[in-house]
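Written out below as structure tokens is the structure these notes cover.
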Amino acid sequence: QQQVKQSPQSLIVQKGGISIINCAYENTAFDYFPWYQQFPGKGPALLIAIRPDVSEKKEGRFTISFNKSAKQFSLHIMDSQPGDSATYFCAASRGAGNMLTFGGGTRLMVKP
Amino acid sequence: NAGVMQNPRHLVRRRGQEARLRCSPMKGHSHVYWYRQLPEEGLKFMVYLQKENIIDESGMPKERFSAEFPKEGPSILRIQQVVRGDSAAYFCASSPGENTEAFFGQGTRLTVV
């Protein structure tokens, strides 16, 4: 009930391409869905977040798409750059709280 | 305004020893969260504290683990009688309020030998 499943585990994209990472959740009480970016040796940093009252949110090259009926959400990174190479985590919580349930992570490599 | 400070960054303990991990939240932040990240896995919530109070410890193992956030000083995550399976990265995050953005520290990487 508390799980968030993330795919793929790893992703290789050419520079300029689109990176797509998908997550699915089970707990319908979740109402806050953030994405985090983590570089090696660093802590996760909030990238972008969405609430279920909207189906899409865009910030620069990063877009979250949200499908409430399917209980799925995804991160799209447009015009992917080598500097985007990192591990990305989706997460979910209730009431926008910080007791987050994280997905397993996606290791993204953007090739020059 | 310094970020969330965790120390030590790396900690090596022998099996059976105690590990103490410290977290100094950002200035003005009174909410602290501890997470554990096993190798090649996502972060798992452990405990949520507010000054002098444990708000939610549903992710804490029932034995050997404890956490505190005193009125003065950093938050402490304490692991007694460590075992190899405790080897992980432990992250602390802090926020100014319950439903405001939390910022993560760089983590403490615990290795049990």
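Because the structure is predicted, anything quoted here is derived from the model rather than measured. Below, chain A is the first sequence line, B the second, and so on; all start at residue 1.
Enclosure of atom CE in B:Met5 is not indicated, since only 12 or fewer non-hydrogen atoms of other residues, nucleotides or ligands lie within 6.0 angstrom. B:Arg64 CZ: more than 12 foreign heavy atoms inside a 6.0 Å radius. Counting non-hydrogen atoms of neighbouring residues, nucleotides and ligands closer than 6.0 angstrom, the NZ atom of A:Lys68 reaches no more than 12 such neighbours. Within 6.0 Å of CD in B:Glu63 there are 12 or fewer heavy atoms belonging to other residues, nucleotides or ligands.
When hydrophobic clusters are built by joining Ile, Leu, Val, Met, Phe, Trp and Tyr residues whose side-chain heavy atoms come closer than 4.5 Å, directly or via intermediates, B:Val113 is not grouped with B:Leu38. Transitive grouping of hydrophobic side chains (ILVMFWY, heavy atoms separated by less than 4.5 Å) keeps B:Phe103 and B:Val32 in distinct clusters. The hydrophobic clustering, which links ILVMFWY residues whose side-chain heavy atoms are closer than 4.5 Å, places A:Phe73 and A:Ile48 together. Under a hydrophobic-cluster definition in which Ile, Leu, Val, Met, Phe, Trp and Tyr are linked whenever side-chain heavy atoms come within less than 4.5 Å, directly or via other members, A:Ile21 and A:Phe33 are assigned to the same cluster. Criterion: ILVMFWY side-chain heavy atoms under 4.5 Å apart, direct or through other members. Under it, B:Met46 and B:Ile54 are part of a common hydrophobic cluster.
Close placement of the B:Phe104 and A:Tyr36 rings is indicated, their centers lying within 6.0 Å of each other.
A donor-acceptor pair under 3.5 Å links the side-chain atoms of B:Tyr35 to the main chain of A:Leu100, judged by distance alone.
B:Glu98 and A:Asn98 make their closest contact through O-ND2, 3.6 Å (heavy atoms, listed as atom of the first residue, atom of the second, distance).
Proximity to chain B (any heavy atom under 4.5 Å) is restricted, for A:Gln38, to the side chain, taken from C-beta onward. For B:Ala93, no part sits under 4.5 Å from any heavy atom of chain A, backbone or side chain.
In this structure, CD on B:Gln37 lies 4.5 Å from CZ on A:Phe89, to the nearest 0.5 angstrom.
Residues from residues 69-92 of chain B that place a non-hydrogen atom less than 4.5 Å from a non-hydrogen atom of chain A comprise B:Phe91, given in numerical order.
Between chain B and the residues A:Met99, A:Gln9, A:Gln6, the largest count of heavy-atom pairs under 4.5 Å involves A:Met99.
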